[in-house]
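Working notes, structure below.
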Amino acid sequence: MKAVSLLDVNLFLTREGISVKKTLRVVLALILVLSTLAACSNKNNGGNEAQTTPSTTESASTNPEAKPNEFGWELPEKTIEFSYYAGQANPDKAGKNAKQLQQYILDKFNVKINKLVYDVKRDERQNLMLVSNDYPEVIAGMDEATVSKWVAQGKAIELGQFIDKYAPHIKEQLGDLYKTYLTDGKLYALPSYWGLLPIPDYAAHMRYDYLNELGNPTFETPDQFYDILKQMQAKHPKNDKGEKTYALTSYAPVTTNTVPTLAGIWGLKEGYKVTPEGVMTHWVNTPEGLELTKFMNKIFRDGLLDPDSFINKYENMKAKMSTDRVMGYVGAWWIGWNAGHELWQKADTKWTEDKRFMQYALKAPNAEKSYMSGKNARSGNMTIITDKAKNPEDIVKWLDFSMTDIGTRLIGWGVPNTDKSTWKFENDQPSFVDAAKQAILDSTFDYDAGELIGMDQLNLVSPDGTMKDDGKSTYWYDQNFNEEAKWKKMLNDNLKDTIYDNTFGNIPILANNPLAVTDKQITDLLETLWAKAVMSKTEEESVANFKAMQDKLNDAGLNKIEQFKSEEYQRRLKEWK
């Protein structure tokens, strides 16, 4: 609409025989109205005036008269509410465990967080969400390949536009890591469980009470480890139900749950041989890969490898470990605890503390160093805000609080200041509840009760590294007293030299990469082909099957995967340092 001048109005009035003098006030009013209409028209049609992107609903603005709560959070006038998908779990159990913390956050922060889980595999559910266009405002626990898929389809919103304005703590906490999450300068996802916590993750497990029966012999190499397991099995060939026992077990997929730790024992990093220049070679294409395969084949040929190792579900393996049918395991340290003394101390009135799986380091003779626990400070768990979010800025505000040290304590340790709490928050200071701390030290801590107060139930972006405010506290409550806890200290001391930073080497194949399909095909082939090599009747047959596996996987594109990862590793060496 064209702007109207005072001359235009005068000419109009004169032509119509209307006295300008008598109608001056009318003219001025008319000019004001017309000018306003012109300005509105200009703005609505893309004028040069500063524009803002309107939100579909009103943001939960902060009450200017409200004081921050004891956690430093300014209460919004309107309740901030959003739902997020957390992955696969039993919905009833997940709802029960999250309920108390959800209510606490609603009462103290005026934030309502609805946690959604489904008893189906995470990737299946996420694919269904994409196809049906039915998903919540936030999705947590994505790997970076899945994030890229959602970004490509326009389902994940860009978060950088909100960080500087609403989230001062996110960049501060992430520090140099922040730039590693950017894609072409844009931020689409934030990590959870990120940071470096200097404790081991993976180990070789052995029945500690059985080891003491043998006089507590020392060992270092894989062969020495197996020799002791073999002696244990000979001494306990059946459990008290008459069921056959085994030296070693695993659960499917073994090439994911056991092999990376085995490869670390042979000096590889997360299944890859990595040169100082950044050349990455998959374990299948290394002499070390052949050696670890021959090691597992020997256990199989001796009849001491659990024959269900390649088909076990975790619960099946746990049942065998907890019913005295297994002498050892290679993998995550908490599996030996979860499938061992954490069950026995509750169920067996005659249980003694030596009856447990203990965790140890192993190193192959030709390995320069054992790399059993690779740390990825960036994390592999990502959280996105989807295009379903009506007020993403409010969600970002909550994510910002969750990244603070006190927010991390709340999310990691659960509700404070109740008779069931593990910690207190009084006079702006956090402190541990003595009884809960002592239970950790005594290995009697009730993790089920801990879940009920919300421990690790609502993690969207909280880190699991060491907190910055005191330089020692960590998200995982039971990792705060390692130097005082007898068994945890023994575990950490045994494995301290096997921990390394693998942030640069943790390289996913993203969904928009043409190699993504190749990577999936290789992963599927690998489990089947390696099982055949391990379960060969002779060593010669095992070697032949291993070489056949090499050929098939390289024909399928494994060499291309190695080339891509090497180039990406070298780029990171150059740009991230």
Side-chain angles (χ1 to χ4, degrees), residues 200-205 221-223 225-226 229 246-274 280-300 305-314 317 326 328-333 335-336 359-364 366-367 370-374 376 380 495 498 500 502 505-509 519-536 542-543 545-550 552-554 556 558 561-562 565:
D201 294 321
Y202 302 99
H205 303 239
T221 69
D223 286 335
F225 171 70
Y226 172 55
L229 295 180
Y246 301 97
L248 211 62
T249 188
S250 188
Y251 67 107
V254 179
T255 47
T256 298
N257 296 315
T258 288
V259 171
T261 310
L262 271 177
I265 294 168
W266 267 265
L268 305 186
K269 296 181 176 181
E270 290 290 328
Y272 278 83
K273 178 178 281 188
V274 184
M280 301 184 69
T281 306
H282 193 278
W283 66 268
V284 164
N285 288 323
T286 67
E288 294 85 355
L290 176 58
E291 291 304 313
L292 69 88
T293 301
K294 289 162 65 176
F295 170 74
M296 293 295 290
N297 173 247
K298 175 177 172 55
I299 301 175
F300 171 78
L305 178 67
D306 176 5
D308 297 328
S309 293
F310 288 91
I311 61 173
N312 275 331
K313 293 183 178 179
Y314 174 68
M317 185 190 74
V326 175
Y329 169 74
V330 175
W333 69 260
I335 288 178
Q359 292 68 42
Y360 297 95
L362 299 177
K363 186 177 81 67
N366 294 328
S370 178
Y371 294 105
M372 297 174 73
S373 290
N376 176 19
L495 295 158
T498 66
Y500 66 100
N502 193 45
N506 193 292
I507 302 171
I509 308 294
D519 189 49
K520 178 66 167 59
Q521 292 173 338
I522 288 171
T523 300
D524 293 342
L525 280 171
L526 179 59
E527 181 81 355
T528 302
L529 295 174
W530 194 63
K532 185 176 181 180
V534 168
M535 303 177 80
S536 299
S542 178
V543 172
N545 284 332
F546 181 86
K547 291 182 178 179
M549 174 178 68
Q550 278 184 329
K552 289 182 180 179
L553 293 179
N554 286 318
L558 180 57
I561 298 293
E562 292 174 332
K565 292 203 172 191

Could I get the full list of side chain to side chain donor-acceptor pair (under 3.5 Å) partners for Thr281, not counting sequence neighbours?
-> none
Under the side chain to side chain donor-acceptor pair (under 3.5 Å) test, residues paired with Ser373 that sit two or more places apart | none
Below 4.0 angstrom, N of the basic side chain to O of the carboxylate: do Lys294 and Glu291 qualify?
-> yes
Residues Leu525, Met549; criterion side chain to side chain contact (heavy atoms under 4.5 Å, CB included); working and verdict | CA-CA 9 Å; Leu525 280 171; Met549 174 178 68; over 6 Å; no
Using atom types as modelled and distance alone, determine if a side-chain donor or acceptor of [X] lies under 3.5 Å from a backbone N or O of [Y].
X: Trp283; Y: Glu288; result: no
X: Asn297; Y: Thr293; result: no
X: Lys520; Y: Asp524; result: no
X: Thr258; Y: Val330; result: yes
X: Asn545; Y: Ala533; result: no
X: Asn506; Y: Gly380; result: no
X: Ser370; Y: Leu362; result: yes

Tell me whether the centres of the aromatic rings in Phe295 and Trp266 are closer together than 6.0 Å.
-> yes
For a quick test of reading the model, state the closest non-hydrogen atom pair linking [X] to [Y] and the distance between them.
X: Tyr226; Y: Ala247; result: CE1-CB, 4.0 Å
X: Ser309; Y: Asp306; result: OG-O, 2.7 Å
X: Tyr500; Y: Leu268; result: OH-O, 4.5 Å
X: Met535; Y: Phe310; result: SD-CD1, 3.8 Å
X: Pro260; Y: Thr255; result: CD-O, 3.4 Å
X: Ile265; Y: Pro222; result: CG2-CG, 3.6 Å

How many angstroms lie between atom [atom1] of [X] and atom [atom2] of [Y], to the nearest 0.5 angstrom?
X: Ile299; Y: Thr249; atom1: CD1; atom2: OG1; result: 11.0 Å
X: Lys269; Y: Met280; atom1: NZ; atom2: CE; result: 9.5 Å
X: Tyr371; Y: Asn502; atom1: OH; atom2: CG; result: 10.5 Å
X: Asn285; Y: Glu562; atom1: CG; atom2: CD; result: 4.5 Å
X: Ile507; Y: Tyr272; atom1: CD1; atom2: OH; result: 8.5 Å
X: Leu262; Y: Leu292; atom1: CG; atom2: CG; result: 5.5 Å

Close side-chain approach of [X] and [Y], heavy atoms under 4.5 Å:
X: Lys273; Y: Pro287; answer: yes
X: Glu270; Y: Asn376; answer: no
X: Tyr251; Y: Tyr329; answer: yes
X: Lys363; Y: Thr221; answer: no
X: Tyr246; Y: Leu305; answer: no
X: Gln550; Y: Leu558; answer: no
X: Ile561; Y: His282; answer: no

Go through the steps for Leu495 and Gln359 under the test side chain to side chain contact (heavy atoms under 4.5 Å, CB included), then give the verdict.
-> CA-CA 8 Å; Leu495 295 158; Gln359 292 68 42; 3.9 Å; yes
